[in-house]
Protein chains: 2
Amino acid sequence: MTIDNISQAKVCGGWHKQYTHQSQSLNGVARFAIFLPPNASKATPVPVLYWLSGLTCTDENFMQKAGALRKAAELGIAIVAPDTSPRGEGVADDDNYDLGQGAGFYLNATQKPWAQHYQMYDYITAELPKIIEEHFPVTSVKSISGHSMGGHGAITIGLKNSSNYRSISAFSPISNPMGCPWGQKAFSAYLGSDVESWKQYDSSELLKQAKSELPILVDQGDADGFLTEQLKPEALIEAAKVHASPVEVRMQPGYDHSYYFISSFIDEHLAFHAKHLA
Amino acid sequence: MTIDNISQAKVCGGWHKQYTHQSQSLNGVARFAIFLPPNASKATPVPVLYWLSGLTCTDENFMQKAGALRKAAELGIAIVAPDTSPRGEGVADDDNYDLGQGAGFYLNATQKPWAQHYQMYDYITAELPKIIEEHFPVTSVKSISGHSMGGHGAITIGLKNSSNYRSISAFSPISNPMGCPWGQKAFSAYLGSDVESWKQYDSSELLKQAKSELPILVDQGDADGFLTEQLKPEALIEAAKVHASPVEVRMQPGYDHSYYFISSFIDEHLAFHAKHLA
């Protein structure tokens, strides 16, 4: 499996690099970014945090705006940021920002015209880690985090593959997509009208069933304009009570939905993951 | 003098806010961003670091990409980031990125059609600080920093107004604009063909004349694609020898011209300024 390096920049003693490659899952060209801390080498491979971004984002938003790389360099953690959907001229799309390209929702689509390329769940859980572990000085020890749609992705993927990840965190996740407009629109399009099939990609539904003890840290700003209609952390908090799951949801007063919020707490998330990745 | 708040986001316990206002110097609407650390209040006003950005940037690039706000919050320093030129439909422009809007070069233009709006030197040295000190809980104690074209701006403005600033720093500054294509093109357009008049805006020329003891810190990546043709730190190093000026130029191995470079060393620049702002 070959990958093509399209950019590199030294940062905080480590390296930020972008790659493209032919993706089998996505049936086309995919792009991702990786941060390698200064201590990453074949002799001393490092663990990986996968970061899943939100609606409209690419692999670039987190790397440029989160201010995460200094702490990741200190802690010796690699970070991998994939794109948020398949892309390209032949890939189905929608005129709105919350469906189609930039809005893959980290699931495997079953409906036309989406199913041909929109297989982000398989890409994130299987294909991408295989590529990362083959090409870079990293171990197979990993955690997962994300923002908004990517927070939904991190929690669902972490819960469904709890033996593959050490810890999960999220900023402002879409906590109950079955119960909000963004999720209902996307799940209807990608998964069809059988609401029962949606439960496999709903963080709150999955948490009710979860038997794992995977630690989960969630930060949510209480001045987030999407809080009430789209994000619904209360559903996650309720679901966590069913089996007394180790979920900490922190409401952060005054913070909104932006990367300014993420940058304020990302160091704490990295420290949380570092503890579990050690 | 009224200013209009157009955005605000809580970050690192403080606030990032953007404002527009009618600028007398620029003869039109100007925009700036300010970061206020958590401890800034009328009772405990804080010093200000002015940040000048490079070609094509607005007030947003530094605030979003430098990863500076955590350390500024810790140190109790406000940061003000103006736009890099006058803007708008009635403002003269050029098809290229290195002249006109987004490329004001922090000088007062004397030539048509630029002189009507391109008075960034007056804006940065006089009008903007007056607005900031009138509207925000800050002191008149200030330092100045910038990147590339903004590094040129920070050094020239700091040296020409050494009693108004406590310290100067720059990343990858255009150190000798009279001797490089970017500078020669901009100075010809904005200042005309009299090369003698260019010296008032050339960091290396000004440093040769400087009698101040203002401390200057410069970081320059040695993998910067603009290093040899455009940036010329060697001119600055030579000029610093004339009066043994307190200039430290650090070549940083492997770093390029991007915000990944800035984010790697911004904490050290903030600590440098904090020492002199105290």
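In what follows, chains carry the letters A, B, and so on, assigned in the order in which the sequence lines appear, proteins first and then strands, with residues in each chain numbered from 1. Worth saying up front: this structure is predicted, and the values here are computed from it rather than measured.
- Contacts between L69(B) and chain A at a heavy-atom distance below 4.5 Å involve the side chain alone, from C-beta outward.
- Here Y260(A) contributes atom OH and Q64(B) contributes atom CD; the two are 4.5 Å apart, rounded to the nearest 0.5 Å.
- Only the backbone of Q8(A) comes within contact range of chain B, with at least one heavy atom under 4.5 Å from a heavy atom of that chain.
- Closest approach of S264(A) and C12(B) over heavy atoms only: OG-N, 2.6 Å.
- Taking CE of M63(B) as the reference point, atom NZ of K65(A) lies at 14.0 Å (rounded to 0.5 Å).
- Without hydrogens or angle criteria, K10(B) side chain to P253(A) main chain gives a donor-acceptor distance under 3.5 Å.
- The backbone N or O of G13(A) lies less than 3.5 Å from a partner atom in the side chain of Y255(B), making a donor-acceptor pair.
- Listed here is the closest heavy atom pair of G254(A) and W15(B): O-CH2, 4.1 Å.
- The minimum heavy-atom distance between S263(A) and R70(B), with the atom names listed, is O-NH2, 3.0 Å.
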